[in-house]
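One structure is given below, encoded as structure tokens.
Model, not experiment: these values are computed from the prediction. Protein chains get the first letters and strands the later ones, always in sequence-line order, with residue 1 at the start of each.
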Amino acid sequence: MEKSLPTRNFRVVFAGSPAYAIPSLEALLALPGCSVVGVLTQKPKPRGRGNQLHASAIGVFAEAHNLLTLTPNTLRVPEAHALLTALKADVGVVVAYGKILPQAVLNLLPQGWVNAHASLLPRWRGASPIQQTIAAGDVETGVSLMQLDAGMDTGPILVQERLPVAVDETAVSLAEKLSQLSGMLIRKHLRTYLDGTLLPQPQPVTGVTLAPQLTKADGHLHFGEAALQLVRKVRAFNPWPGAVMQVGTLLLKILTATTAPGQEQPGKIVRVPTGFGVGTPQQLFIPLQVQVPGKKPMSAAEFFHGYNRLLTNDVTGPKSSPTS
RNA sequence: CGCGGGAUGGAGCAGUAGCAGCUCGCCGGGCUCAUAAUCCGGAGGUCGGGGGUGCAAAUCCCCCUCCCGCAC
């Protein structure tokens, strides 16, 4: 007959898909006073060589922890709503689920849905905050714990935690840090939110930027841009959608790159000790690790050795072979 | 049967029937001009494996083994 609040057990449904979301789900599982009563994730899709079905990383994790897993095709039908309602959850936590939660679903849970978004909102609302952060050269980013509303990452903010962006940061390295940070924010702040002591604050109306879903076209390097900007794109778009440049007849994927002093016609290829460089309006763009379609990654020097025909075909003519 | 690429000296690649080559590395020597040093010479390959067709196969046909890329 004591006050029930401190000992109340909250029922939580988690929604997430890639490995990025795992630390957050782990945080929930370890959170006192909370029970994960269901996990919402993308259904197994044909992937990999041979087109075999693969469950999402969260799906695999949930299976291993004997969690109830839901993989609806869509959340816009009454059947999906019924499944969620049956869980009798108090709150939902969303981390990189990969589907929009329609208003009808948001309304299903008494305490709504909480989302950990990988940027300092309202900067980089949308699907690719991590990549955009790096591509834009931001020196600082973070995770925003927020309440979902019907908009795209427009809901009120519960708490934000900042994180410096390293000068050599890649989408992979930054995602790793933000993934951990998301789990930490959930561990530290979800309970106070549920207890009603952490109040959502509306997002600022200024400073809004959008981070739309990336496409392969975003990865094409154009040498009218400064070398530094191109290097940022290489770091931001690896592994997806990948930064590529046209070399002769093939699309060369650039895995790592740097800049070097120098002035060459934009797009002009020059020989450098590490392999080759490309002229830009500011400095030279120097690929370091590259990948030919269908091939394993190799150094730019190795690429040059094997493909120098492509790189130099405008300056070398056919060799005159001695006859007789 | 999702689409596709590959296996050729230590590395990366050319080579669609007629002497197995290129860039780099490696070894020996010359020179000394640092920062892609350079010049001369040299070693190193059962062309993934097995069968077949041909006067002749890295190359064409069949089988096998292994490797890899793409998908958001």
Side-chain angles (χ1 to χ4, degrees), chain A residues 15-21 41-60 71 73-74 95-100 118 126-132 135 152 170-172 175 179 211-220 236-256 258 260-262 264 268-279 284-324:
Chain A
S17 295
Y20 178 89
T41 190
Q42 297 276 19
K43 71 172 190 176
K45 290 192 296 190
R47 276 192 301 107
R49 222 173 286 159
N51 232 13
Q52 297 176 351
L53 286 181
H54 286 78
S56 70
I58 285 294
V60 171
T71 60
N73 275 325
T74 172
V95 180
Y97 172 46
K99 286 184 188 299
I100 301 280
S128 60
I130 296 174
Q131 290 90 336
Q132 300 293 353
M152 174 63 85
T170 68
V172 173
S179 168
Q213 185 79 257
L214 293 170
T215 72
K216 280 198 169 188
D218 294 311
H220 279 84
F237 296 158
N238 182 340
W240 172 258
V244 296
M245 62 174 284
Q246 187 84 35
V247 178
T249 54
L250 59 83
L251 265 190
L252 185 67
K253 185 178 280 187
I254 310 299
L255 300 176
T256 61
T258 187
E264 291 289 345
K268 180 173 174 54
I269 289 176
V270 296
R271 182 79 167 103
V272 299
T274 56
F276 66 100
V278 188
L284 296 178
F285 174 73
I286 312 289
L288 296 176
Q289 284 290 122
V290 303
Q291 186 170 22
V292 176
K295 297 284 207 175
K296 282 190 265 196
M298 68 178 86
S299 71
E302 287 170 324
F303 173 80
F304 185 85
H305 295 152
Y307 291 85
N308 55 52
R309 289 168 187 79
L310 284 180
L311 292 165
T312 60
N313 57 2
D314 53 339
V315 293
T316 59
K319 282 182 180 171
S320 57
S321 51
T323 41
S324 104

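Along RNA chain B, the nucleotide nearest to A:Gly306 and the one nearest to A:Gln213 differ in position, and the one closer to the 5' end is contacted by A:Gly306. Mapping A:Gly50 and A:Val272 onto RNA chain B by nearest heavy atom places A:Gly50 closer to the 5' end of the strand.
Counting to the nearest Å, the P atom of B:rA7 and the CE atom of A:Met298 are 12 Å from each other. Rounded to a whole Å, the CZ atom of A:Arg49 is 9 Å from the P atom of B:rC67. Remark: P of B:rC22 and CG of A:Asn308 are 12 Å apart, rounded to the nearest angstrom. If you take CG of A:Leu250 and C1' of B:rG6, they are 15 Å apart, rounded to a whole angstrom. Here the P atom of nucleotide B:rC72 and the NZ atom of A:Lys45 are 9 Å apart, to the nearest Å. Here the C1' atom of nucleotide B:rC70 and the CG atom of A:Leu251 are 12 Å apart, to the nearest Å. One can place CZ of A:Arg47 at 12 Å from P of B:rA71, the figure rounded to the nearest angstrom. We find that NZ of A:Lys296 is positioned 13 Å from P of B:rC70, with the value rounded to whole Å.
Figure legend. B:rC13 is base-paired to B:rG21; pairs are counted as Watson-Crick or G-U wobble with both atom distances under 3.5 Å. The partner of B:rC72 cannot be assigned: no Watson-Crick or G-U wobble pair with both contacts below 3.5 Å exists in any strand. The partner of B:rU65, taking Watson-Crick or G-U wobble pairs whose two distances both stay under 3.5 Å, is B:rA7. The base-pairing partner of B:rU38, taking Watson-Crick or G-U wobble contacts with both distances under 3.5 Å, is B:rG30. The partner of B:rU46 is absent, by the rule that a Watson-Crick or G-U pair needs both atom distances under 3.5 Å.
Spacing between B:rA36 and B:rA17 at atom P, rounded to whole Å, works out to 43 Å. Going from the P atom of B:rG21 to that of B:rA43 covers 13 Å, rounded to whole Å. Distance check on atom C1': B:rC60 versus B:rC55 gives 16 Å, rounded to whole Å. If you take atom P in B:rA56 and the same atom in B:rC13, they sit 33 Å apart, rounded to whole Å. Taking atom C1' in both B:rC31 and B:rA20, one finds a spacing of 33 Å when rounded to whole Å. Going from the C1' atom of B:rG44 to that of B:rC22 covers 16 Å, rounded to whole Å. Look at the C1' atom in both B:rG9 and B:rG45: the space between them is 5 Å, to the nearest Å. Of the P atoms belonging to B:rG5 and B:rC61, the separation is 14 Å, rounded to the nearest Å.
Residue A:Gly98 is classed as having no contact, given no heavy-atom separation below 4.0 Å to the nucleic acid.
Here the side chains of A:Leu250 and A:Tyr307 are in contact, with some heavy-atom distance below 4.5 Å. A:Val278 has its side chain out of reach of A:Leu284: every pair of non-hydrogen atoms, C-beta onward, lies at least 4.5 Å apart.
Proximity of a side-chain donor or acceptor of A:Ser17 to a complementary backbone N or O of A:Ser56 within less than 3.5 Å is not detected. Side-chain atoms of A:Thr256 come within 3.5 Å of backbone atoms of A:Gln289 as a donor-acceptor pair (strictly under, hydrogens ignored). Using a distance-only test at 3.5 Å, with no hydrogens or angles considered, no donor-acceptor pair links the side chain of A:Thr71 to the main chain of A:Thr41.
Checking the phosphate oxygens (OP1, OP2) of B:rG12, no side-chain nitrogen or oxygen of A:Lys295 falls inside 4.0 Å.
Comparing atom distances between the A:Gln291 side chain and each of B:rA71, B:rG69, B:rG12 picks out B:rG69 as nearest. Proximity note for A:Trp240 (side chain, C-beta onward) versus B:rA71, B:rG12, B:rA36: the nearest is B:rA71. Here the side chain of A:Glu302 is nearest to one of B:rA36, B:rC70, B:rG12, namely B:rG12.
To the nearest 0.5 Å, the span separating CE on A:Met245 from CG on A:Leu251 amounts to 10.0 Å. Taking CG of A:Leu255 as the start and OG1 of A:Thr170 as the end, the distance is 11.5 Å to the nearest 0.5 Å.
Shown here, B:rG54 is classed syn by the O4'-C1'-N9-C4 or O4'-C1'-N1-C2 angle, which is within 90° of 0.
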